[in-house]
Amino acid sequence: MELFYSLNPQQQEAVEHLSGPLLVLAGAGSGKTRVVTCRIVKLLEREIPHWKILGLTFTNKAAQEMQERVKMLTSNKVTLCTFHSLGMRILREAVDVLGYERDFVVYDEEDAAQLLKGCMRDLHIDTKDTRKAAKTLKNLISRAKNNMIMPDDVDVSEFTTSVEHQFPTVYKHYQQRLRQSNALDFDDLLFLTVRLFRENPDVLKHFQKRWEYLLVDEYQDTNAAQYTIVSLLTANSQNLFVVGDPDQSIYSWRGADIHNILNFEKDFPNAKVIRLEQNYRSRCNILNGANALISHNASRYDKNLWSDRGEGEKITIITCSDERQEARTVIDYVCQYQRDKIFSLGDMVIFYRTNFQSRIFEDELLRRQVPYVIVGGISFYQRREVKDILAFLRMVYFSSDYVAFARTINIPKRGIGEKTVEKLQNGAIQANLSILDYISALVKGNAHPTVKISKLQQEGLQQYVAIIRELQACYQQGSLEDLVMAALRHTGYLKYLALDKETEQDRKENVFELAAKAAEWEESVEEPSLQAFLEELTLKSNIDDVDVSRERMNLMTAHNGKGLEFPGVFVVGLEEDLFPHINSRGNMEAIEEERRLCYVGMTRAKERLFLTWCRHRHLWGGSRYMRPSRFIREVPSKYVEVLESEPSWV
DNA sequence: TCCAATGTGCTTTTT
DNA sequence: GCACATTGGA
């Protein structure tokens with residue numbers, strides 16, 4: 001088969017691997033995705049039934065791409081999904097064993113943050129800076145769940161601050177509130193799966209039998225919970241095939257533990273290790289420069305990534321006077337390459353460390369009318385107006401979803417503020433009713449306990465209940481698109497949007513777009529349901545449906561560049577305290593992660609690589625002197641040409 | 001409850 | 001320089 005024809009011996013060996021644990025250490029650009037896909041195809045050729053194979057990825061996009069490739073090659077459908085959607089599937093089947101309801105709603109980060117804020121109010125957490133405290137608590141909860149620690153088992157011995165001391169209480173309360181909403185957060189999808197497996201050997205056995213061959217992509221980014229899921233599922237079969245590159249581990253701040261990949265051989269005795277060291281992507285100057293950079297990390301597996309793609313041009317390092325000039329210089333190159341037909345716009349990318357850096361490049365691109373796209377950033381489904389409508393839809397299906405209730409009850413204004421919402425929630429909890437049933441009883445005058453509210457609020461609630469009931473009726477008969485349109489109509493949402501003239505147009509377009517997407521989605525799936533629709537949207541990220549049809553310059557954070565490649569790459573803002581970021585100062589591990597991030601950026605480049613830095617930069621309202629990033633110094637001069645950009649006069 | 005004026009403190013973000 | 005959170009008056 002042509003697919004296997006051009007595999008090198010190491011790739012071949014990995015693809016041929018039939019059973020037992022295998023770690024593929026796949027350097028940047030070494031054909032990792034192809035190896036995973038080919039191995040799946042190979043398993044199918046060996047008459048392993050497709051339903052026994054499970055492939056796990058970190059993004060929907062990666063899962064989708066592999067799914068398509070496999071389907072094209074074999075017309076078979078193996079299960080390829082993210083860890084979180086795997087958790088979702090498993091929990092939908094069996095979470096009742098843990099005392100949860102099966103038709104739970106999933107809270108995204110924003111919903112969870114909202115819930116947490118409510119918890120902090122409930123518990124009267126008093127701090128100087130609520131925002132910071134909320135962030136700290138959110139992180140602590142996430143870390144606890146990723147490390148599979150229950151509220152009662154939190155180790156408080158290392159805690160010093162008052163916020164930290166309050167954490168176990170908040171965590172416990174937060175879990176309780178999730179339950180009252182019949183909701184799970186992202187981390188629960190993993191943690192509860194682990195608990196389900198650990199506490200119910202029969203359930204585990206069932207899933208072990210179901211999937212006998214496991215493949216994990218980007219293994220260096222797994223956290224403890226994901227690691228546990230994988231090792232539990234493969235405990236019997238031992239058929240675990242993982243691919244990853246420790247040098248590209250850039251999500252430790254999200255709980256990813258690089259030791260999962262570094263200790264693979266220890267964790268899985270008899271494990272085989274295959275190294276893919278030939279890079280098919282980059283010119284030698286680029287690859288050698290990147291290799292030299294990453295060799296400055298002390299804690300790593302040494303590897304020797306090489307390329308036979310020829311020397312190519314040297315890495316260009318440009319010193320700029322400030323960020324305006326940096327943007328001009330970069331876009332000058334972009335336009336020149338495009339004009340000379342060396343690269344098309346879509347062949348080039350700008351990588352930056354932080355989102356705010358994109359603005360100046362956008363200005364410059366707009367000024368010169370160069371089409372561009374920002375990959376990542378705020379997702380369509382996270383826009384306020386879209387989430388508002390989705391929250392209404394959630395109330396239609398999940399009548400005890402407090403976060404959706406709190407979000408929608410005062411749209412449009414019904415005189416029901418924070419305090420009243422709190423009272424209503426407490427009333428509902430005491431009455432042991434869903435929030436919708438409770439306020440429904442309340443307006444009819446037969447709620448126990450009853451809550452004191454004003455005449456105006458009474459009317460507001462009545463209206464609200466009527467709207468939701470109406471939408472529920474609509475959901476019984478019509479399509480999803482109709483339901484979205486009905487939500488717009490019955491809630492008076494368009495009128496509500498018209499209150500802010502500046503944003504009205506964009507927001508209107510977005511809500512209509514949502515209706516269109518609902519229609520499209522309904523067409524494309526076999527069994528459309530409101531629940532499935534909402535569920536898919538919460539697990540969907542912003543980079544999942546990028547529009548590649550149009551020819552546009554790409555802008556994104558270095559994090560979002562992972563897994564992509566471009567002929568021309570600009571890594572910008574390489575200054576101390578920006579890249580590496582100031583928050584990593586003095587912390588060796590953090591600096592090393594920044595270095596890996598820079599390495600990821602550099603190794604995306606096939607033909608041409610530019611590294612730029614500015615002597616001055618406007619940061620937090622003032623102009624600052626910057627020093628060139630240590631990462632620039634760490635690229636040996638033999639791979640580099642250095643340019644000083646003209647000083648900017650304007 | 002709501003709105004406008006004032007005060008603070010800055011990342012990255014697969015799901 | 002900006003978003004977002006808190007505060008105080010209507």
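Since the structure is predicted, the reported quantities are computational estimates derived from the model, not experimental observations. To find a chain, count down the sequence lines: A is the first, B the second, and so on, and within it residues start at 1.
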Along DNA chain C, first and last positions that approach a heavy atom of chain A under 4.0 Å: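 Counting from the 5' end, contacts occupy dG1(C) to dT6(C).
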side-chain contact (heavy atoms from CB on, under 4.5 Å) partners for [X], two or more places apart:
| X | answer |
| --- | --- |
| D187(A) | S142(A), K145(A), N146(A), D185(A) |
| E93(A) | H206(A), F207(A), R210(A) |
| E110(A) | D108(A), K387(A), R407(A) |

Contact under 4.0 Å: [X] side-chain N or O vs [N] OP1/OP2:
| X | N | answer |
| --- | --- | --- |
| N355(A) | dT12(B) | yes |
| T557(A) | dT13(B) | yes |
| Q357(A) | dT11(B) | no |

Per the atom types in the model, does the base of dT12(B) pair as donor or acceptor with the side chain of R353(A) at under 3.5 Å?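 Answer yes: a donor N or O sits under 3.5 Å from an acceptor.
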Using 30° and 60° as the class boundaries, would you call the ring planes of Y251(A) and W253(A) parallel, tilted or perpendicular?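 Taking W253(A) first and then Y251(A), their aromatic rings sit tilted (interplane angle of 30° to 60°).
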Does the side-chain ring of H559(A) lie flat on the base of dT12(B), meaning centres under 5.5 Å and planes less than 30 degrees apart?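 No, the aromatic ring of H559(A) does not stack with the base.
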Pick base, sugar-phosphate or nothing for E535(A), based on heavy-atom distances below 4.0 Å to the nucleic acid.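 Result for E535(A) = nothing.
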Answer with base, sugar-phosphate or nothing: what part of the nucleic acid does E218(A) contact at a heavy-atom distance below 4.0 Å?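 Touches nothing.
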Let me have the donor-acceptor pairs involving side chains of residues 223-232 of chain A, under 3.5 Å, with sequence neighbours excluded, atom names and distances please.
unit_1, atom_1, unit_2, atom_2, d
N223(A), OD1, A225(A), N, 3.0
N223(A), OD1, Q226(A), N, 2.9
Q226(A), OE1, N223(A), N, 2.8
Y227(A), OH, D267(A), OD2, 3.0
T228(A), OG1, A224(A), O, 2.7
S231(A), OG, Y227(A), O, 3.0
S231(A), OG, T228(A), O, 3.3

Taking the side chain as every heavy atom from C-beta outward, state whether E593(A) and R595(A) have any pair of such atoms under 4.5 Å apart.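 With C-beta onward as the side chain, the pair stays apart.
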Interface with DNA chain B, restricted to residues 403-417 of chain A and to heavy atoms under 4.0 Å: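 Heavy-atom contacts with DNA chain B come from N410(A), K413(A), G415(A), G417(A).
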